[in-house]
Peer 1: 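One structure follows; several queries about it will come next.
Each ligand, and each atom within it, is numbered from 1 in the order the structure gives.
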Amino acid sequence: MALITKKIKGTEDVLPKQSYRWQFVENIMREESRAYGFREIRTPVFEHTELFARGVGQTTDVVQKEMYTFDTKGGESVTLRPEGTAGAARAVLEHALENEGLPIKASYFVSCYRYEKPQAGRLREFHQFGIEEYGTQSPVADAEIICLAQSVLDRLGLTDVHLEINSIGCPECRAKYNQALREYFTQYREQLCDTCLSRLEKNPMRLLDCKSPEDHKIAEGAPKIIDYLCEECENHFAEVQRYLESAGVSFTVNPTIVRGLDYYTKTVFEFVTDCIGAQGTVCGGGRYDGLIEELGGKHLPSLGFAMGLERILMVMDAQGVAIPQPEPCALYIATMGDAAKVKAFSLLRQVRECGLTAETDVVGRGLRAQMKYADKIGAKYSVVLGDNEFAENKAKVKNMDSGEQTELALDDSFAEKFSVLNLTGNDAFAI
Ligand code: HAM
């Protein structure tokens with residue numbers, strides 16, 4: 001029979017045999033964010049469309065071209081989140097978290113949706129680990145979140161991922177810079193694509209990240225924001241660098257980084273690698289001092305970053321980083337006969353309560369097929385429970401690798417004794 005449908009283009013399934021890789025990466029991210037004092041926030045997968053239009057910016061590619069937006073039956077326009085920052089900011093505002101003390105530090109794992117052209121490392125549904133910090137204008141916070149991103153990458157064992165930083169200033173420096181950009185790009189008016197032309201007046205910085213190769217070439221010669229920074233922004237940027245240097249985090253200042261979302265101010269940064277092709281940015285972030293006000297709150301300088309989980313895993317693959325395999329099944333109980341089956345059921349429960357993985361036959365296979373299955377799932381130990389074992393209330397637990405056997409009583413001590421056996425090997429109970 002033909003399948004009635006397949007997965008949507010630009011989406012991926014994570015199968016049971018692969019999910020340990022995701023869990024390994026996520027666990028390290030959780031541990032590191034905890035070490036830096038971040039706690040998890042969970043927000044809905046969809047929000048009112050205006051949140052992203054206002055937050056991410058009307059003239060960004062994300063809002064103009066890439067959002068999954070639809071009207072609900074009630075006639076509201078809602079959008080699947082294209083990123084995590086706007087939703088987290090909305091939640092912080094809605095629950096007035098600023099009253100609970102500053103800074104507010106939140107981390108998240110989210111699925112994101114962007115209608116982009118799928119290619120290696122670019123999906124329509126992808127996953128981000130992100131952190132956001134609200135209520136600090138100190139450059140120490142900028143350096144601290146960058147250090148956190150670096151710690152995650154280091155602990156994951158990634159090499160050849162470079163940190164590039166820049167400052168895109170505050171609205172004051174931006175006004176002068178935008179004027180300089182308008183003048184520069186106006187000379188090339190005839191050559192610019194329609195999207196760039198439409199953004200030239202309103203938001204000329206967006207011309208710097210145009211994906212068309214011709215416009216990209218023109219953008220290369222454009223004035224650089226770093227030459228237009230006011231004194232305060234310049235000092236802030238210098239301080240960020242001083243802290244990074246003191247923590248031994250190496251970086252390059254890349255004056256062409258402007259980021260594709262409109263909310264950024266001052267520090268912006270990306271971690272990039274050459275080893276996974278064109279989509280080599282594994283992490284991006286920066287400061288967004290005006291976003292909370294833009295969304296209707298008071299002035300609350302903030303900052304954050306997000307890492308693409310799919311891209312991180314691609315880099316780990318490309319660099320041959322070993323991900324520890326999960327512990328296999330510790331015990332498989334094969335059964336013959338009804339009474340044995342029932343006995344196995346209660347023993348398994350006790351073994352599982354000791355924190356071990358234990359399985360038995362749940363499909364009605366014969367003994368040979370059960371043992372074949374135990375082999376297939378890589379069970380460390382197996383035991384056969386039949387009428388004899390049941391009658392004598394003891395059974396031989398077999399090490400599937402060495403073939404060594406250990407006799408254990410099938411009573412309340414079984415689970416505990418099996419745990420010791422599993423931990424220390426057959427010597428513990430040598431017959
Ligand atoms: P972003 O640069 O748009 O920033 O995305 C962050 C990361 O998500 C990228 O560096 C990349 O690893 C991953 N990513 C983005 N788009 C895709 C895609 N189509 N397929 C696969 N991976 C992708 C943000 O989203 C900001 N909210 C980050 C931030 C948080 N800034 C401040 N706080």
Peer 1: Report the part of Cys112 in contact with ligand 1, treating N, CA, C, O as backbone and CB onward as side chain, heavy atoms under 4.0 Å; options are side chain, backbone, both, neither.
Peer 2: neither

Peer 1: Which heavy atom in Thr43 sits nearest to a heavy atom in Gly87, and how many Å separate them?
Peer 2: CG2-O, 3.9 Å

Peer 1: With Asp61, which of Arg199, Arg206, Arg259, Lys117 fulfils salt bridge (Lys or Arg N to Asp or Glu O under 4.0 Å)?
Peer 2: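 Answer after filtering Arg199, Arg206, Arg259, Lys117: Arg199.
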
Peer 1: Tell me which part of Gln128 gets within contact of ligand 1: side chain, backbone, both or neither, using heavy atoms under 4.0 Å.
Peer 2: side chain

Peer 1: If every non-hydrogen atom of Arg182 is compared with every non-hydrogen atom of Pro204, which pair is closest and at what distance?
Peer 2: NH2-CD, 3.8 Å

Peer 1: Is it the side chain (CB and beyond), the backbone, both or neither of Val282 that lies under 4.0 Å from ligand 1, heavy atoms counted?
Peer 2: backbone

Peer 1: Hey, mind stepping through Thr79 and Thr69 against side chain to side chain donor-acceptor pair (under 3.5 Å) and telling me if it holds?
Peer 2: CA-CA 4 Å; Thr79 294; Thr69 296; 2.8 Å; yes

Peer 1: Which ligand 1 atoms are under 4.0 Å away from a heavy-atom of Phe305?
Peer 2: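 Result: 29 (C), 30 (C), 32 (C), 33 (N).
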
Peer 1: How far is atom 20 (N) of ligand 1 from its nearest protein heavy atom, and which residue and atom is that?
Peer 2: Leu123 N, 2.9 Å

Peer 1: Tyr115 ring centre to Arg124 NZ or CZ under 6.0 Å, with the angle to the axis within 45°?
Peer 2: yes

Peer 1: In terms of residue, atom name and distance, what is the protein heavy atom nearest to atom 26 (C) of ligand 1?
Peer 2: Tyr263 OH, 3.3 Å

Peer 1: Looking at Phe251, I want to see if its CZ is surrounded by more than 12 non-hydrogen atoms of other residues, nucleotides or ligands under 6.0 Å.
Peer 2: yes

Peer 1: Going by an N to O cut-off under 4.0 Å, is there a salt bridge joining Glu32 and Arg155?
Peer 2: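 Judged by the 4.0 Å cut-off on N to carboxylate O distance, Glu32 and Arg155 do form a salt bridge.
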
Peer 1: To which protein heavy atom is atom 19 (N) of ligand 1 closest, and what is the distance rounded to 0.1 Å?
Peer 2: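 Of every protein heavy atom, Glu116 OE2, 2.7 Å lies nearest to atom 19 (N) of ligand 1.
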
Peer 1: Taking atom CD of Gln187 as the centre, does the number of heavy atoms from other residues, nucleotides or ligands within less than 6.0 Å exceed 12?
Peer 2: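 Yes, enclosed.
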
Peer 1: Could you tell me if Lys176 sits above the aromatic ring of Tyr228, with its cationic atom closer than 6.0 Å to the ring centre and no more than 45 degrees from the axis?
Peer 2: no

Peer 1: Determine whether any heavy atom of Gly130 lies closer than 4.0 Å to an atom of ligand 1.
Peer 2: no

Peer 1: Please identify which atoms of ligand 1 are closer than 4.0 Å to at least one heavy atom of Thr85.
Peer 2: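 Numbered from 1, ligand 1 contributes 26 (C), 27 (N), 29 (C), 30 (C), 31 (N), 32 (C), 33 (N).
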
Peer 1: Using a strict cut-off of 4.0 Å, indicate which atoms of ligand 1 neighbour a heavy atom of Glu132.
Peer 2: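 Near Glu132, meaning under 4.0 Å from one of its heavy atoms, ligand 1 has 30 (C), 32 (C), 33 (N).
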
Peer 1: Ignoring hydrogens, just give me the one of Asp61, Ile312, Val272, Leu261 whose non-hydrogen atom is nearest atom 24 (C) of ligand 1.
Peer 2: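 Of the listed residues, Leu261 has the closest heavy atom.
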
Peer 1: Out of Gln119, His127, Arg259, whose heavy atom is nearest to atom 2 (O) of ligand 1?
Peer 2: Arg259

Peer 1: For ligand 1, which atoms sit closer than 4.0 Å to a heavy atom of Thr281?
Peer 2: 9 (C), 10 (O), 11 (C), 12 (O)

Peer 1: Would you mind telling me which of Glu239, Glu232, Glu234 makes a salt bridge (Lys or Arg N to Asp or Glu O under 4.0 Å) with Lys266?
Peer 2: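 The option that passes is Glu232.
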
Peer 1: Can you pull out the closest protein heavy atom to atom 7 (C) of ligand 1? Residue, atom name and distance to 0.1 Å, please.
Peer 2: Ala306 O, 3.6 Å

Peer 1: Under 4.0 Å, counting heavy atoms only: does Glu310 come that close to any atom of ligand 1?
Peer 2: no

Peer 1: Tell me the contacting part of Arg122 for ligand 1: side chain, backbone, both, or neither, using a 4.0 Å heavy-atom threshold, strictly below.
Peer 2: both

Peer 1: I need the nearest protein heavy-atom contact for atom 13 (C) of ligand 1: residue, atom name and distance, please.
Peer 2: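 Nearest protein contact, heavy atoms only, for atom 13 (C) of ligand 1 is Gly308 CA, 3.6 Å.
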
Peer 1: Any salt bridge between Arg81 and Glu83, counting N to O under 4.0 Å?
Peer 2: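 Salt bridge absent between Arg81 and Glu83.
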
Peer 1: Within ligand 1, which atoms have a heavy atom of Gly285 less than 4.0 Å away?
Peer 2: 31 (N)

Peer 1: Short list, please: which atoms of ligand 1 are under 4.0 Å from a heavy atom of Cys283?
Peer 2: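 Going through ligand 1 atom by atom, the ones under 4.0 Å from Cys283 are 10 (O).
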
Peer 1: Could you check whether Tyr332 and Tyr381 have their ring centres less than 6.0 Å apart?
Peer 2: no

Peer 1: Applying a 4.0 Å heavy-atom criterion (strictly less than), which segment of Tyr113 is in contact with ligand 1: side chain, backbone, both, or neither?
Peer 2: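 Looking at Tyr113 and ligand 1, no heavy atom falls under 4.0 Å.
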
Peer 1: Supply the atom-to-atom distance Glu416 CD to Gln350 CD, rounded to the nearest 0.5 angstrom.
Peer 2: 10.5 Å

Peer 1: Could you check Glu12, Glu310, Glu26 and say which one makes a side-chain hydrogen bond (donor to acceptor under 3.5 Å, both in side chains) with His127?
Peer 2: Glu310

Peer 1: Test of understanding: given a 4.0 Å heavy-atom threshold, classify the contact between Glu270 and ligand 1 as side chain, backbone, both, or neither.
Peer 2: neither

Peer 1: Could you tell me which atoms of ligand 1, counted from 1 in the order shown, lie closer than 4.0 angstrom to a heavy atom of Glu83?
Peer 2: 25 (O), 26 (C), 27 (N)

Peer 1: Using heavy-atom distances only, which candidate in Gly121, Gly284, Gly260, Ala89 approaches atom 21 (C) of ligand 1 most closely?
Peer 2: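 The nearest heavy atom belongs to Gly121.
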
Peer 1: Return the closest protein heavy atom for atom 3 (O) of ligand 1 as residue, atom name and distance.
Peer 2: Arg114 NH2, 2.9 Å

Peer 1: I need the single residue from Glu47, Glu293, Glu294 that forms a salt bridge (Lys or Arg N to Asp or Glu O under 4.0 Å) with Arg54. Which is it?
Peer 2: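 Going through the options one by one, the only one that passes is Glu294.
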
Peer 1: From atom 23 (C) of ligand 1, work out which of Phe129, Phe269, Tyr264, Phe126 has a heavy atom at the shortest distance.
Peer 2: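 It is Phe126 whose heavy atom sits nearest to atom 23 (C) of ligand 1.
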
Peer 1: What do you reckon, does Arg124 put a non-hydrogen atom under 4.0 Å from ligand 1?
Peer 2: no

